[in-house]
Visitor: 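Below is the structure I would like to discuss, written out as C-alpha cells.
Chain letters run A, B, ... following the sequence lines, proteins first and then strands; every chain starts at 1.
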There are 2 protein chains.
Amino acid sequence: MVATQPMLQVAMDTMDLDSALKTTRLVYDVVDIIEVGTILCLAEGLGAVKTIKTLYPDNLVLADVRVAEAGALISKMVFDAGANWISVLSSAALPTIETVAKEAFSKGGDVQIELQEGWTKEKANQWKALGITQVIFHKSRDSEKLGPGWDPELLGVIKSMSDEGFKVSITGNLNPGDLSVFKGIPVYSFVAGRAIRAASDPRVAAEEFKTEIQKIWQ
Amino acid sequence: MVATQPMLQVAMDTMDLDSALKTTRLVYDVVDIIEVGTILCLAEGLGAVKTIKTLYPDNLVLADVRVAEAGALISKMVFDAGANWISVLSSAALPTIETVAKEAFSKGGDVQIELQEGWTKEKANQWKALGITQVIFHKSRDSEKLGPGWDPELLGVIKSMSDEGFKVSITGNLNPGDLSVFKGIPVYSFVAGRAIRAASDPRVAAEEFKTEIQKIWQ
C-alpha cells in the first residue's frame, strides 16, 4: 500500500554508531524510517543495524548496503540483523536482485532499488515482475556539487515511475524547502541526512520536514 | 608495473573475522593479496581490514567495498583502516570514481574497478584518464549457476583490455584447473575464495594455485 502522505526517512551516514545514536534518540518518534547508511554499515558492520532495530522496534529500518553482488548472503545477513528494508543497486544483475527479493519477501521485508545512471524502464519492468515496487531517485553525494535543484526532466521521470505503480523515494541533500517541487507526486518517502543530523536541533529539523510534508500532501 | 607472473589473491568472504583468520593464518605467506570481501566488511565493519593489515603487513590488502557512491568518505575510511586497494563498481558515477582515485593515490593505494554488466570501453578510457589501470572481470556469484567456464568472447575482451594497458584480474569460483584458459594473457591477479577457504588443507590449495601460475606463466 502506498502511503497517502510521504514518509520521512532519516539517513544515518555517520562514521560510528554513537554518532548516529546522538541523532536517532532525538528524532526516532518523528521520523518513519531510520536508514543505517552505507558508511555506517561499513564502519561498524551490520551490528549497527541490529542495535538500531533493537532500540527502535517501531521504526522501519533500512540497511543501505547497496547490494551489487552476492545477494543471497548479504540479504540473509541484513534481515537476520533485523532490517525491514534492503537497498540494491539498479546495476546489479537480475539473478542477484531476484535472490535478494526472495530473501526479503520471505522475511516480511522489502527491497529498494537505488537507481543509478543507466537504469532503464525495461529493467524496471523486470524488477516489478519480481514483485519489487520500491525505487529511490538519488541525487549523488558526489554529484551534488554539480548543482542544486531537481530538473524538470527528472521530475517527469519520477512522476511517470509513480504513475506506473512504483513507490518512489527521493534523496540527495534535501531540505524542507525542496519538497514542494514534488507536489502532485505521491512520493513514498523523503530521505534527509545532514539537514537533520547537522541541525542545531535535529528534532526541530525533523519536525520541519514533517510539517512541510503535511502541508503539501494534505 | 605489471607483474610478469599473475599474483594470487585469497578472498575472505566470511561472515565473521575469526572464520577469515582460520584461513589467512595458513596461507598469508603463499598468497600475495588478501581480500577482505564485501560480506566480511559488512559483517564486521572496516575493523576487519585493520586487523588483517595489522596481522599481515607484507601482504597487499584489498577492501572489497564496491563503492557505488559517497566515494570520498568510504575511501577515506578504507585507507585509514590500512587497505592498499579499494574496489569501485563500474556503474559508479565518474565523479565518485574520481574522488576515490584521488584519495587512493594520495595514500599510495590503488583502485580496482569491478566490471559489471553494461560497462563500456568508453568508460574504461575515462578511468584510465584518471590514472586507474586495474579492472577485475567477475563471474558473478549469483550467476555462477548459469554455467561453468569462461566463454571465448569474454576471453577476447579480457585480452583486449590487457593489450590496452589495463591490469586485469580474474575472479569467480576459480580452481587451479581453470587458469590455463588464460594462458597468453598477462593476468594481474587471480582471485580464489572457496577453493582455498573450503579446502581440507587451505595452504596446499593455495600452493596448487601458485604452482599452476608458475607453470603457465613461466
Visitor: Check this for me: Lys107(B), atom NZ, are more than 12 non-hydrogen atoms of other residues, nucleotides or ligands nearer than 6.0 Å?
Guide: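 Yes, enclosed.
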
Visitor: Give me the contact list for residues 40-49 of chain A versus chain B, heavy atoms only, anything under 4.5 Å, ordered by residue number.
Guide: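 Hits under 4.5 Å: Cys41(A), Leu42(A), Ala43(A), Glu44(A), Gly45(A), Leu46(A).
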
Visitor: Are there over 12 heavy-atom neighbours, none belonging to Lys50(A), within less than 6.0 Å of that residue's NZ?
Guide: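 No.
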
Visitor: More than 12 heavy atoms of other residues, nucleotides or ligands under 6.0 Å from NZ of Lys121(B): yes or no?
Guide: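 Atom NZ in Lys121(B) is crowded, with more than 12 foreign heavy atoms closer than 6.0 Å.
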
Visitor: State which residues pass ring pair (Phe, Tyr, Trp, His ring centres under 6.0 Å) with Phe105(B); sequence neighbours excluded, sorted by chain then number.
Guide: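 Ring pair (Phe, Tyr, Trp, His ring centres under 6.0 Å) check on Phe105(B) returns nothing, list empty.
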
Visitor: Atom NZ of residue position Lys22(B) - does it have more than 12 heavy atoms of other residues, nucleotides or ligands inside 6.0 Å?
Guide: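 No.
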
Visitor: Restricting to non-hydrogen atoms, name the atom on Ala92(B) and the atom on Gln116(A) that form the minimum distance, rounded to 0.1 Å.
Guide: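 What the structure gives for the nearest pair is N-NE2, 4.4 Å.
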
Visitor: I need the Ile39(B) CD1 to Lys76(A) NZ distance, nearest 0.5 Å.
Guide: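 If I round to the nearest 0.5 Å, the distance is 12.0 Å.
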
Visitor: Quick one: list whatever passes ring pair (Phe, Tyr, Trp, His ring centres under 6.0 Å) with Phe182(A), sequence neighbours left out.
Guide: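 With sequence neighbours excluded, Phe182(A) shows a ring pair (Phe, Tyr, Trp, His ring centres under 6.0 Å) to Trp150(A), Phe190(A), given in chain and number order.
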
Visitor: Is there a side-chain contact between Glu69(B) and Thr38(A) in this structure, where contact means two heavy atoms from C-beta onward sitting under 4.5 Å apart?
Guide: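 Answer no - side chains too far apart.
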
Visitor: Give me the contact list for residues 77-91 of chain A versus chain B, heavy atoms only, anything under 4.5 Å, ordered by residue number.
Guide: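 Checking residues 77-91 of chain A against chain B gives Met77(A), Leu89(A), Ser91(A).
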
